[in-house]
Each structure stands twice: as structure tokens, then as C-alpha cells.
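One structure is given below, encoded as C-alpha cells.
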Protein chains: 2
Amino acid sequence: MSKTSQAAGLHRASLAKLHELDAALELMYYGWRGMTLEADDYLAKQGLSRPHHRILYVVARRPDIAIGALIEVLGISKQALNRPLNLLLERKLLTSKRAPEQHRSKLLRLTAAGQRIEQRASDHERKVMRQAFERAGASGTAAWMAVMEAIADNN
Amino acid sequence: MSKTSQAAGLHRASLAKLHELDAALELMYYGWRGMTLEADDYLAKQGLSRPHHRILYVVARRPDIAIGALIEVLGISKQALNRPLNLLLERKLLTSKRAPEQHRSKLLRLTAAGQRIEQRASDHERKVMRQAFERAGASGTAAWMAVMEAIADNN
DNA sequence: GCTCTCATGTCAACTATGTTGACTTGAGAA
DNA sequence: TTCTCAAGTCAACATAGTTGACATGAGAGC
């Protein structure tokens, strides 16, 4: 599932820069890894991984979401969702129940255990972000967010 | 290999924020996707994908790198490197030759075709970054880099 | 009541990216 | 000549995704 020592061993490699913006590309890559490293480690200890966390994260923020809506938010196929979702249901981190009036769709919710794991995993990620923002101050944080929004909304 | 329409269809979902820093987590996620979307698309058209690009990117910046060193920089196993690397050699995007004095290791280099593909794929990523930086100005860009460095060096 | 649609569930086959473990090969060094 | 080291290769496996095909069960329309 993961390999702490090996993944952690990958520090920022020093590569010659062919273009001015190469540093930015590498910062995106290592930034993503830096943010997710501890969370993935924690998840691996729980026998879970990134896709499980994505499901938990979304359901935490959209309680009673239907499976179809979850598929849309995650951007994966029904079949790809199936296995991680069933694992979360078996492990009782999620519950699914039919809606009272809309019997067609199943509504998903986190159990207390699911909430705990979602929160702890996300806390690892938030901790990394908080530390970086503290160093940067309010104006640096605002600038970071503005740049990230521009990158995210590019497509 | 990829699915343009489907991946592009995944826009930023609006999720309730349970914590102040949730927006930052989502910006990291969608930022990574925003930066890599067009590059991955281009690579898919060439029958390549992200691991191939990573190899090409590193070899471009470390000409005559040995396979063992490449494994270290990429942080993957020899066996995992094997298939994408052989594809790049077969497609003549990379060359490998024995060192003149150090016959043990093979030295990797990009061919002209390999350089072209590496450059075009990275250009897609740099374009996204350049546009975001232009909007943010020099000070915003500097702030973004400072925050990303803090995130990347967290581990 | 009968049929049609729609959300969900499930099976199979496939691709890609990664892992470990075990073993070979070929060159250089002791 | 033997030892070591870089590289290559084979098997088995895990995970994360894809399409396609088909089943089921509930509501809605006629």
C-alpha cells in the first residue's frame, strides 16, 4: 500500500533548470507529495488509501449524497467507485440508506468511525498547509490562493 | 490511456467547507489537475503518459544519467522503471550507451525526437503556470513559490 | 396493471502503474 | 579467478482505473 521510508526518502532532487518555469513545475510536484505524504501514511496504517480518502472527504462535506452524484464529483466510473466504496461500507466507515421519499437513490453518510478517519487524514494535510501559511503570512497566503485558483481554473 | 472529455468535465466541485483550510486542500488537488491536464492529453496522443514524461523530464535535465541514479531521482523500483524506459528506447526517444571509462553503467540521453516531446509536454505545463504568474505579478509569484517550498520541504 | 426509465449493482476483461523476490549477465576490481 | 556491482528479466501480486454487458428494483406514465 505504501512504503514510508522509500517515499519519504524521495527528497527534492536537484535538476538543472532548462527553463525559468521549471522550478514551478517541480514545486507543484513536490508540493503535492509534501502535502499528501503523512496523510497517505496514516491511511495506509488504516488499510486505506487515497481513493478511500477522497470518498470520505466528499461524503463528509455532502452528507446524504447519492452514489450518482458522488461519481460525478469524483470524476470516476461507477465500477471504479465500487470496490473502495464497498470496502468503506464493510468497514462501517460509511452507511447507505434509501431516501424516505426518493427510494431510487441511496444516500451516503459517514459513521462516527468514518468521520474520525476522514478528519485525521485531512488533518495531516491541513497541518502541512497551516505551517506553510503561517510562515507566509496573510498576504502571502492570499497570493498563493490566487495563483492556485488561476492554475486550477485553467481548463 | 486518458479520456479528454471525461477528465476535462471534472470541474471544481462545490463542497461545503468543514475547516478553514479545506479550500487550500482542494486548491492543491485541482491545481495539480489543472497544470497536468493538457500535458497528459498531449502525451496520450503520443501514446505516452505521466511516467514517460517524468523520465524524459529528468533525463533532459541530467544528460548521461545512469539508470541507477534515475531510479533514485524518480523514487520508483528498477522493475517499475523497466517498462516505460524500454518503450522510450524502442521509440528512439532515448538512447543508452555504455560510458567510455565506466563500462558498468549505461548513460541515458534524449534523442532529438525525445527532446521535442519532452519540451512540448513541459510547455503545456509551463504555459498554465506562466498565465497564473502573469495575473499574480512578481510579488504574488514570489509568495506562491515561498509557500510551495514550505509545503514541499515539509517531510 | 404494464411498460419504460433511471439509479444502482455486478460480472468480465482489460490497461497501467506500481510493488517484492529471485535470478542472470557482463564488466571491473581485488 | 573470484567477488562485486549495475543492469536486465521473470513471476506474482496489488491497486486504480477503463468499457461493455447485463440484472434488479422502484417510480412514473399510459
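Contact annotation: B/R83 side-chain N/O to C/dT19 OP1/OP2 distance is not under 4.0 Å. OP1 and OP2 of C/dG18 both lie 4.0 Å or more from every side-chain N or O belonging to B/S77. Distances shown here put a side-chain N or O of A/S49 below 4.0 Å from the OP1 or OP2 atom of D/dA16.
A/I151 and B/A132 get closest at one heavy-atom pair: CG1-CB, 3.6 Å.
Whole-Å rounding puts the A/L43 CG to D/dA14 C1' distance at 17 Å. Note: CD1 (B/I67) to P (C/dG26) measures 16 Å, nearest angstrom. Look at CD on A/Q79: it is 12 Å from P on C/dT10, rounded to the nearest Å. Rounded to a whole Å, the CG atom of A/L87 is 13 Å from the C1' atom of D/dA14. Rounded to an integer number of Å, the gap from B/K106 NZ to C/dG26 P is 12 Å. If you measure from atom CZ of B/R54 to atom C1' of C/dT17, you get 9 Å, rounded to the nearest angstrom. For the pair B/E72 CD and D/dA7 C1', the computed distance is 15 Å after rounding to whole Å. Between B/N82 atom CG and D/dA7 atom P there is a gap of 12 Å when expressed in whole angstrom units.
Position along DNA chain C of the nearest nucleotide to B/A80 versus A/A69 favours A/A69 as the more 5'-ward residue. Each of B/K78 and A/L85 was assigned the nucleotide of DNA chain C with the nearest heavy atom; the assignment lying further toward the 5' end belongs to A/L85.
Candidate nucleotides D/dG8, D/dA7, C/dT17 were compared by shortest atom distance to the side chain of B/P51, and C/dT17 ranks first. Counting only heavy atoms from C-beta on, A/H52 has its side chain closest to D/dA16 among D/dA16, C/dA7, C/dG18.
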Worksheet entry | Candidate pair A/R61 and A/E118, rule side-chain contact (heavy atoms from CB on, under 4.5 Å), full reasoning | CA-CA 11 Å; A/R61 284 152 188 79; A/E118 189 283 320; 3.1 Å; yes

Practice prompt. Apply salt bridge (Lys or Arg N to Asp or Glu O under 4.0 Å) to the pair A/R50 and A/E125, showing each step before the final yes or no.
Written response: CA-CA 12 Å; A/R50 196 123 289 274; A/E125 300 181 353; 2.8 Å; yes

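Between B/M148 and A/Y30, every side-chain heavy-atom pair lies at or beyond the 4.5 Å cut-off.
B/R50 comes within 4.0 angstrom of nothing in the nucleic acid, heavy atoms only.
Judged by distance alone, the side chains of A/Y57 and B/E26 do bring a donor and an acceptor atom under 3.5 Å apart.
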